[in-house]
Amino acid sequence: MKLLFIKIFRFEFWPWKVFYFPLLPYYLYLSLKNRSLTFPYIVNTSLRNGGFFDENKQEILSKIPEEFLPKSIYVQPNTVFFEVLKKIEVNNIGFPLIAKPLNDQRGKDVSIISGETELLQYFQKIGKDFVIQEFITYPIELAILYSRMPNEPKGVVSSITFKEFLTVSGNGKDDIETILRKNPRAEMIWVDLQKNTKTDWKKILIKDETQVIEKIGNHCRGTIFRNATEIDKAKTAEVTDKILKEFEGFNYGRFDLKVKSIADLYEGTNIKVLELNGVNADAAHIFDPNYKLLKAYKDVAWHWKRLSDIAGYNSDLGHEPCSFKALWKRIKTN
């Protein structure tokens, strides 16, 4: 009953179709204004489908300067596993490493791989193109939403989110499983948590000893999103402008990145971009547990208006959106 109450009254746990449904009339208004239901398609003119759907992580990250990227390789299902191991060795990617599908979103099938046996199992199971990335140990993970009008040299950062990984704190007497089962956030994803994490559930931590349970920074993996109001958005925008300097046609999206410190973020150093998503990216700060629903909807509306303005400019340049049929087919499969 407690979990049901949380799911109903904490909108951060609502299915995305339920959360966004009240804003449908506003989206329709923006669609009429742009004369297309799929106007976000032309916001990022350099991305496949504008990053609206079926975006390709390899294509996107290839436009980011190498200094800001983790070491990565891309694997196709017909690749011989020995060749995968050889590429890992040549690129000096050690274990543990990250494996994730090339096109999926929201943390689906993202895994931390600790050795060759686990990698082989992932390789045999995934059955589609995937990315192998070095595991970045920088302590701070952020989600940064950036946008830029195509006729302006500089962009703006409108959302910055701290990602707090699911962590357990010991009391010296109860095991990890017992403590976690009292955490509603962990309880709601308990089956997946047991499947995806490599944890000694019967381990007893000494008092105040902490252990990170899930190191994948996705909400569906137990991560808490915190609205990072203390981070300067203007300084952060200067850095994102630098990262995207050579990325023509990219006007809206969210960086998921790790950085050593906030001072390094402002300096543009010790930053590794894990992903850069297109127009389908949320302003993740709205899912802070303390955020109010009405304010969240106002923030979403602002971002949709921003998409509309960018799309309108690109439409005047002759860019055309995709058909609604193609978009609807994609929506029904999610």
Side-chain angles (χ1 to χ4, degrees), residues 3 6 10 12-13 70 95-101 104-114 118 122 131 133-145 159-171 174-201 203-231 254-262 264-265 270-277 281-291:
L3 292 182
I6 291 174
R10 295 262 295 271
E12 62 167 313
F13 296 112
F95 291 98
L97 52 78
I98 298 290
K100 54 188 174 182
D104 290 348
Q105 301 295 326
R106 302 181 186 275
K108 183 180 179 181
D109 290 328
V110 179
S111 294
I112 298 176
I113 308 295
S114 60
E118 285 184 20
Y122 186 91
V131 182
Q133 239 175 35
E134 68 171 317
F135 182 73
I136 302 300
T137 58
Y138 293 165
I140 299 173
E141 184 165 341
L142 302 172
I144 299 172
L145 191 62
S159 171
I160 305 178
T161 308
F162 274 119
K163 295 186 178 185
E164 295 182 5
F165 302 123
L166 183 62
T167 303
V168 65
S169 181
N171 58 17
D174 294 322
D175 59 32
I176 289 175
E177 179 176 358
T178 300
I179 297 174
L180 272 180
R181 295 305 290 261
K182 297 176 182 178
N183 181 336
R185 188 175 295 273
E187 185 69 9
M188 280 189 283
I189 59 169
W190 186 251
V191 174
D192 289 335
L193 204 57
Q194 288 183 305
K195 180 176 66 175
N196 294 325
T197 63
K198 305 169 184 66
T199 301
D200 180 0
W201 300 107
K203 180 180 179 181
I204 298 176
L205 303 177
I206 63 175
K207 185 174 174 55
D208 297 328
E209 179 185 1
T210 60
Q211 179 174 319
V212 177
I213 301 299
E214 175 58 85
K215 298 179 180 179
I216 303 295
N218 293 92
H219 193 265
C220 62
R221 306 287 282 264
T223 301
I224 298 175
F225 290 173
R226 298 290 187 193
N227 186 19
T229 55
E230 64 270 42
I231 299 181
R254 190 188 68 215
F255 289 90
D256 290 330
L257 58 80
K258 284 189 173 183
V259 63
K260 270 192 174 182
S261 68
I262 301 305
D264 282 342
L265 175 67
N270 294 317
I271 296 172
K272 294 298 180 181
V273 177
L274 309 180
E275 285 192 12
L276 177 57
N277 297 299
D282 299 310
H285 76 278
I286 66 173
F287 298 111
D288 184 311
N290 297 316
Y291 222 67

To the closest 0.5 Å, what do you measure between [atom1] ([X]) and [atom2] ([Y])?
{"X": "D256", "Y": "N218", "atom1": "CG", "atom2": "CG", "result": "7.5 Å"}
{"X": "I213", "Y": "R185", "atom1": "CD1", "atom2": "CZ", "result": "14.5 Å"}
{"X": "F162", "Y": "I262", "atom1": "CZ", "atom2": "CD1", "result": "4.5 Å"}
{"X": "S159", "Y": "D282", "atom1": "OG", "atom2": "CG", "result": "9.0 Å"}
{"X": "I271", "Y": "I140", "atom1": "CD1", "atom2": "CD1", "result": "10.5 Å"}
{"X": "I179", "Y": "N171", "atom1": "CD1", "atom2": "CG", "result": "4.5 Å"}

Which residues pass the ring-ring contact (aromatic ring centres under 6.0 Å, His included) test with F287, sequence neighbours left out?
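By the ring-ring contact (aromatic ring centres under 6.0 Å, His included) rule, F287 matches F19.
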
Under the ring-ring contact (aromatic ring centres under 6.0 Å, His included) rule, collect the residues that match up with H285, sequence neighbours excluded.
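With sequence neighbours excluded, H285 shows a ring-ring contact (aromatic ring centres under 6.0 Å, His included) to Y291, given in chain and number order.
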
Could you go step by step and tell me if Q133 and E275 meet the side chain to side chain contact (heavy atoms under 4.5 Å, CB included) rule?
CA-CA 11 Å; Q133 239 175 35; E275 285 192 12; 5.7 Å; no

Exam field: side chain [X] to backbone [Y], donor-acceptor pair closer than 3.5 Å:
{"X": "D288", "Y": "N290", "answer": "yes"}
{"X": "R10", "Y": "P289", "answer": "no"}
{"X": "E164", "Y": "R226", "answer": "no"}
{"X": "K198", "Y": "I112", "answer": "yes"}

Can you find a heavy atom in the side chain of [X] that is under 4.5 Å from one in the side chain of [Y]?
{"X": "N196", "Y": "I216", "result": "no"}
{"X": "D174", "Y": "K182", "result": "yes"}
{"X": "C220", "Y": "I189", "result": "no"}
{"X": "L193", "Y": "L166", "result": "yes"}
{"X": "F135", "Y": "K215", "result": "yes"}

Please find the pair of heavy atoms, one from [X] and one from [Y], that lie closest to each other, and give the distance.
{"X": "S111", "Y": "Y122", "value": "OG-CE1, 3.7 Å"}
{"X": "L205", "Y": "G170", "value": "CB-CA, 3.6 Å"}
{"X": "F95", "Y": "S114", "value": "CB-O, 3.4 Å"}

side-chain hydrogen bond (donor to acceptor under 3.5 Å, both in side chains) involving [X] - partner list, sequence neighbours excluded:
{"X": "D264", "answer": "S261, T269, N270"}
{"X": "E214", "answer": "R221"}
{"X": "N227", "answer": "none"}
{"X": "E209", "answer": "none"}

Could you list the residues that satisfy side-chain contact (heavy atoms from CB on, under 4.5 Å) with [X], not counting sequence neighbours?
{"X": "K195", "result": "D192"}
{"X": "Q194", "result": "W190, W201"}
{"X": "T210", "result": "T167, S169"}
{"X": "E187", "result": "L3, R181"}

I need the full list of ring pair (Phe, Tyr, Trp, His ring centres under 6.0 Å) pairs touching residues 210-230, with sequence neighbours left out, sorted by first then second residue.
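Counting only pairs at least two positions apart or across chains, the ring pair (Phe, Tyr, Trp, His ring centres under 6.0 Å) contacts touching residues 210-230 are F13-H219, H219-F225.
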
Determine whether L142 and I231 satisfy the following criterion, side chain to side chain contact (heavy atoms under 4.5 Å, CB included), listing intermediate values before the conclusion.
CA-CA 10 Å; L142 302 172; I231 299 181; 4.0 Å; yes

Residue pairs passing the salt bridge (charged side-chain N to carboxylate O under 4.0 Å, His left out) test where at least one lies in residues 133-142, sequence neighbours excluded
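For residues 133-142, and leaving out neighbouring residues, the salt bridge (charged side-chain N to carboxylate O under 4.0 Å, His left out) pairs sorted by first residue read E141-K163.
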
Decide side chain to side chain contact (heavy atoms under 4.5 Å, CB included) for D200 and I176; before the verdict, give the C-alpha distance in whole Å, the side-chain angles of both, and the deciding distance to 0.1 Å.
CA-CA 8 Å; D200 180 0; I176 289 175; 5.7 Å; no

